[in-house]
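We name chains A, B, ... by the order of the sequence lines, and we start the count at 1 in each one.
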Protein chains: 2
Amino acid sequence: MDVKTLCLGVLSMGERSGYEIKKTVEESFHHFFRAGYGSIYPALAELERAGHVAGREVAQEGRPAKRVYGITATGRDLLGRTLVGEEPRHVVRSEFLVLMYFAHLLPAERLAAVLDTMIARFRDGLAADLDHYARTHDQLTAGQRFALGYGRTVVAAALDYLERHRETLLDEVTVSDASGRPQAGDALAAAGD
Amino acid sequence: MDVKTLCLGVLSMGERSGYEIKKTVEESFHHFFRAGYGSIYPALAELERAGHVAGREVAQEGRPAKRVYGITATGRDLLGRTLVGEEPRHVVRSEFLVLMYFAHLLPAERLAAVLDTMIARFRDGLAADLDHYARTHDQLTAGQRFALGYGRTVVAAALDYLERHRETLLDEVTVSDASGRPQAGDALAAAGD
DNA sequence: GTGAACATGTAACGGGTTACATGATTGC
DNA sequence: GCAATCATGTAACCCGTTACATGTTCAC
């Protein structure tokens, strides 16, 4: 599934500009999908060329004009066929966890900073999520509630894990650092002093 | 963080061939990283050109010869600097969840099949994980236990969520399908009959 | 002898990210 | 005037995926 399909999906819920599509993706898909302008605008242009969406200029007061797109019949058809036809991928790519795997190669302060960054990120994401859900849950489809609930549940579990194991990891790594085995982190910390 | 850094990290735990690196990644990183031969072998070649790893031919009995790589001093240095220098990314890209978000556009049987596929995948992954962990936990570093534990915890939470909400989603989507609103899924299901 | 696991590579392709480029409008 | 938000786009680049290509050894 590419950004083109995502755009079709978002547009199937109502007309939007490229800018607004990105907003929707950030609000509703942020736990499991992301798309930048550099992929959204070209996707929209290509979809319009192929007749799957139709754009029109809309003037606004107090804001620059925007170009809103609506999905066409062939677009809806393509969306349905694409969703049915693709086997569902689910990929996590976490350099954060690779970093944790090699925690013994990191200076303790850096390790703590990384953990705190991730904890803060998850905490903020979850709060924004809960807020968004509270404001929209009564107008969501079953599928939307399911997908959003999945994101919330999993992030909550991740956050809980990080909070509960932060201290332990920090303690254990510090102990083994002090045990005399030379570590890349030690060398770097020494070089940094 | 790219596959080159990953290879350096794996090799920092001991000498390995490209084939064996892939095995290690599959066993230990499968919840949060993946790498194919098409990225591992070129990464190794480039690392060797730069002097960060050194390869040597090793004959085996009962098996084809292999080329095992060891990390060099400069490689270890580069690994340490790379790990310290990068801000930790953590990206989930789930076409599965996008599919669930648009569940109302899917025929009910397809929706059930997708859910069952994902449940089975998570179940199998978790079992393999538990098995691997049971066999290695006493020789893992704190960081490795932390990263592996994170993966296990999060996948277990995800699996639990899927199992607990599968029926509800299926019921709710079926009900709204039958309520008279035309759906893309209906059209496709009808076309398929 | 055939399939599975072991083992190593190359080359094209695709798609997303990043950086660049521009401009309107509001509020401070 | 300047920062922030709204708004749209392009082009180069990176890097990972996929497909292709090849060969060994074992077990059935």
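- Nucleotides of DNA chain D lying under 4.0 Å from heavy atoms of chain A occupy a range whose first and last members, 5' to 3', are D:dC6 to D:dT18.
- Nearer to the 5' terminus of DNA chain C, by closest-nucleotide assignment, is the contact made by A:Pro64 (compared with the other of A:Pro64 and A:Glu61).
- A:Phe122 and B:Tyr150 have parallel rings, their planes meeting at less than 30° on a 0 to 90° scale where 60° marks the start of perpendicular.
- Under a 4.0 Å N-O distance rule, the pair A:Lys22/A:Glu26 qualifies as a salt bridge.
- When the shell of 6.0 Å around CZ of A:Arg34 is examined, it contains 12 or fewer heavy atoms from other residues, nucleotides or ligands.
- Of the residues in residues 16-38 of chain A, those placing a heavy atom less than 4.0 Å from an atom of DNA chain C are A:Gly36, A:Gly38, in numerical order.
- For B:His31, the side chain to side chain donor-acceptor pair (under 3.5 Å) partners two or more places apart in sequence, or in a different chain, are B:Asp129.
- Salt bridge B:Lys66/B:Glu57: absent, no basic N to carboxylate O contact under 4.0 Å.
- Of the residues near DNA chain C, A:Asp2 and A:Arg63, the one whose nearest nucleotide (by heavy atom distance) lies more toward the 5' end is A:Asp2.
- Here the CG-CG distance, from B:Leu11 to B:Leu79, works out to 9.5 Å after rounding to the nearest 0.5 Å.
- Atom CD1 in B:Ile40 sits 7.5 Å away from atom CG in B:Leu6 (nearest 0.5 Å).
- A:Arg76 has its side chain within reach of A:Ser12: a pair of non-hydrogen atoms, C-beta onward, lies under 4.5 Å apart.
- Non-hydrogen atoms lying under 4.0 Å from DNA chain D are contributed by B:Ser39, all within residues 39-59 of chain B.
- Within the 4.0 Å cut-off from OP1 or OP2 of C:dA7, at least one side-chain nitrogen or oxygen of B:Gln60 is found.
- Within residues 89-100 of chain B, no residue has a heavy atom under 4.0 Å from DNA chain D.
- Once rounded to the nearest 0.5 Å, the distance linking CG of B:Leu148 with CG of B:Leu130 reads 10.5 Å.
- Salt bridge status for A:Glu48 with A:Arg67: present, with a side-chain N to carboxylate O gap under 4.0 Å.
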Listed pairs under 3.5 Å, donor-acceptor, residues 152-160 of chain B side chains, sequence neighbours left out:
residue, atom, partner, partner atom, Å
B:Thr153, OG1, B:Gly149, O, 2.7
B:Asp160, OD2, B:Arg164, NE, 3.1
B:Asp160, OD2, B:Arg164, NH2, 3.1

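- For B:Tyr101 and A:Phe146, the distance between ring centers is not under 6.0 angstrom.
- With salt bridges taken as basic N to acidic carboxylate O contacts below 4.0 Å, one links B:Glu15 and B:Arg56.
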